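Please read these numbers as outputs of a predicted model, since none were measured by experiment. Numbered from 1 within each chain, the chains take letters A, B, ... in sequence-line order.
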Protein chains: 2
Amino acid sequence: MRTGRPRSFDRIDALDSAVVVFWEHGYDATSVSLLTTTLGIGAPSLYAAFGDKQTLFLEAVDRYLATYGAFVARALAEESQARRTVERLLREASAAYTSPEHPRGCLLISATTNCSPQSAGVAARLRELRTGGLRALEAKFADAIQAGKLTADTDAHALATFYAAVLQGMSAQARDGAGKDDLQHIADAAMRAWPSG
Amino acid sequence: MRTGRPRSFDRIDALDSAVVVFWEHGYDATSVSLLTTTLGIGAPSLYAAFGDKQTLFLEAVDRYLATYGAFVARALAEESQARRTVERLLREASAAYTSPEHPRGCLLISATTNCSPQSAGVAARLRELRTGGLRALEAKFADAIQAGKLTADTDAHALATFYAAVLQGMSAQARDGAGKDDLQHIADAAMRAWPSG
DNA sequence: ACATATCCCTAACGATCGCTCTAGAATGTG
DNA sequence: CACATTCTAGAGCGATCGTTAGGGATATGT
């Protein structure tokens, strides 16, 4: 049995708070002191529970992907048709990126846009995750071409890059103050670009 | 006549270098020491010539808009037809955002995505500039509707928001490593969303 | 040549950065 | 109860942040 004084705060609650702070300000601009005041714990407690700032951030990213950002993986996994996947992705992003319950936009997209050279590691990790999403979308399109749902001359890579850019643009617009309706209009316009055949 | 020892560096050259550094790393992540080493001048010289870091940044933004970013204002001013304006905007952005001559993407879009609370002022200024561009585009579309070039049921605001988002997405993709061809494909797809009438 | 004005460099300012040592408080097991 | 263990809280570590005096060097105007 684990002896000693138990931790006075809930680790998951603290992690969720850290997600929000990193989401709002990004990696570099989030100082440890801002984290400790927001989470309501001292710096040594934070370091004991999560390791250093970079480790905490990476765990916060995982937590984000398992919660707020899970709709992307769900759309990719649950929708079999490529077009429905994209429609659902854009529709759910319109709501997720503008919810008043949490910071605007997407943490994966916006948290490491500006980072100092010594934060290049976490920036590379997030870029990797973004690229992974793009590849998954591209594979979905390739399958649709294979199945004849998209014409053979469709460029799966180009189409995936386009919808990835649209999601990134929606995140940026949300952070600039656009509302859910604005983002849904972006989504509607983006669907007009779907290959007609 | 101005007496005393003249400045040993060219102010415009130094400003251009500052543009590049801010473009690459963003506002907060660009330290004054990085600026001084890159520009090859001491900190007191920098402060004497440009004022503090915030003032230098805002002047660098103006310089950016007058040089690398001037293609946006030119497209809006020189093209009378809305569709041609957007086509030219997206085409020139594909090249500008991926040129190997300078950092990727757009300074206005990417330089203040992550900033600490005390940098909120410069972030607000850049958001203002981005919103101004969106409004200019929206006005262009409103004119086209007035002139009958776009059907009366076209939503000028929604369309402008869409193409603004596409530009922001192209900037993000460029910073993630996409090439000129990738961005041109995004532009092509975005033009398929043009209202058919 | 001289006085003057401005420059550049060295050094350092206070504040904050990420991070940790130390001491005391609180819980578990015997 | 004592003891072992692990937590919390305050203070402070060296480094870097943006910024600015101080002083020698270098140019112009007379």
Side-chain angles (χ1 to χ4, degrees), chain A residues 1-15 17-18 21-22 24-61 111-112 114-123 125, chain B residues 1-15 17-18 21-22 24-61 111-112 114-123 125:
Chain A
M1 175 86 186
R2 188 175 178 81
T3 173
R5 177 179 173 177
R7 181 181 289 126
S8 69
F9 59 93
D10 186 278
R11 195 175 182 283
I12 298 295
D13 286 350
L15 184 57
S17 298
V21 181
F22 280 125
E24 175 84 32
H25 299 99
Y27 177 69
D28 266 351
T30 298
S31 67
V32 173
S33 73
L34 177 59
L35 284 166
T36 55
T37 56
T38 305
L39 310 202
I41 61 177
S45 303
L46 186 146
Y47 278 85
F50 299 106
D52 63 8
K53 181 183 167 182
Q54 173 170 329
T55 307
L56 168 57
F57 176 73
L58 293 178
E59 189 172 349
V61 169
T112 56
N114 313 124
C115 60
S116 53
Q118 62 263 32
S119 305
V122 292
R125 169 71 182 141
Chain B
M1 177 82 186
R2 188 176 179 79
T3 173
R5 176 178 174 178
R7 180 180 290 125
S8 70
F9 59 93
D10 186 279
R11 195 175 182 283
I12 298 294
D13 286 349
L15 185 57
S17 299
V21 181
F22 280 125
E24 175 85 34
H25 299 99
Y27 178 69
D28 266 351
T30 298
S31 67
V32 173
S33 73
L34 177 59
L35 283 166
T36 56
T37 55
T38 305
L39 311 199
I41 62 178
S45 304
L46 185 146
Y47 278 84
F50 299 105
D52 63 9
K53 182 184 168 183
Q54 173 170 329
T55 307
L56 168 57
F57 177 72
L58 293 177
E59 190 174 345
V61 169
T112 56
N114 312 125
C115 60
S116 54
Q118 62 262 33
S119 305
V122 293
R125 169 71 183 140

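Pairs of residues two or more places apart, or lying in two chains, never qualify as side-chain hydrogen bond (donor to acceptor under 3.5 Å, both in side chains) while including a residue from residues 34-45 of chain A. Sorted by first and then second residue, the ring pair (Phe, Tyr, Trp, His ring centres under 6.0 Å) pairs involving residues 28-56 of chain B (not counting sequence neighbours) form an empty list.
Within residues 30-37 of chain A, no residue approaches DNA chain D, by heavy-atom distance under 4.0 Å.
Summarising the geometry, the separation between CZ on A/R11 and C1' on D/dC7 is reported as 15 Å, rounded to the nearest angstrom. Going from atom NE2 of B/H25 over to atom C1' of D/dC17 covers 16 Å, rounded to whole Å. If you measure from atom OH of B/Y27 to atom C1' of D/dC17, you get 12 Å, rounded to the nearest angstrom. Taking atom CG of residue A/L39 and atom P of nucleotide D/dA9, one finds them 13 Å apart after rounding to whole Å. Rounded to whole Å, the distance from CG on A/D52 to P on D/dC13 is 22 Å. Distance, A/Q118 CD to C/dG18 P: 10 Å, rounded to whole Å. What separates CZ of A/F50 from C1' of C/dC19 is a distance of 16 Å, to the nearest Å.
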Taking only nitrogen or oxygen atoms into account, show me every contact under 3.5 Å that the protein makes with nucleotides 4-8 of chain C, one pair per line with its distance.
unit_1 : atom_1 : unit_2 : atom_2 : d
C/dC7  : O2     : B/R5   : NH1    : 3.2
C/dC8  : OP1    : B/S8   : N      : 3.1
C/dC8  : OP1    : B/S8   : OG     : 2.7
C/dC8  : OP2    : B/S45  : OG     : 2.8
C/dC8  : O5'    : B/S45  : OG     : 3.3

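To the nearest 0.5 Å, atom NZ of residue B/K53 and atom OG1 of residue B/T30 are 6.0 Å apart.
B/L39 and B/S17 make their closest contact through CD2-CB, 3.2 Å (heavy atoms, listed as atom of the first residue, atom of the second, distance).
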Evaluate side chain to side chain contact (heavy atoms under 4.5 Å, CB included) for B/T55 paired with B/D52, printing each intermediate quantity in order. CA-CA 5 Å; B/T55 307; B/D52 63 9; 2.7 Å; yes

Report all side-chain donor-acceptor pairs from residues 7-15 of chain B shorter than 3.5 Å, counting only partners two or more places apart or in another chain.
unit_1 : atom_1 : unit_2 : atom_2 : d
B/D10  : OD1    : B/I12  : N      : 3.0
B/D10  : OD1    : B/D13  : N      : 2.9
B/R11  : NE     : B/A49  : O      : 3.2
B/R11  : NH1    : B/E59  : OE2    : 2.8
B/R11  : NH2    : B/A49  : O      : 2.9
B/R11  : NH2    : B/E59  : OE1    : 3.1
B/R11  : NH2    : B/E59  : OE2    : 3.3

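Mapping B/K53 and A/A43 onto DNA chain D by nearest heavy atom places A/A43 closer to the 5' end of the strand.
Listed by chain and number, the residues in a side chain to side chain donor-acceptor pair (under 3.5 Å) with A/R5 amount to none (sequence neighbours excluded). Partners of A/D28 by side chain to side chain donor-acceptor pair (under 3.5 Å), not counting sequence neighbours, listed by chain and number: A/S116, A/S119. For B/F57, the ring pair (Phe, Tyr, Trp, His ring centres under 6.0 Å) test picks out B/F22, B/Y27, with sequence neighbours left out.
Between A/Y47 and C/dC19, a side-chain N or O to OP1/OP2 separation shorter than 4.0 Å is present.
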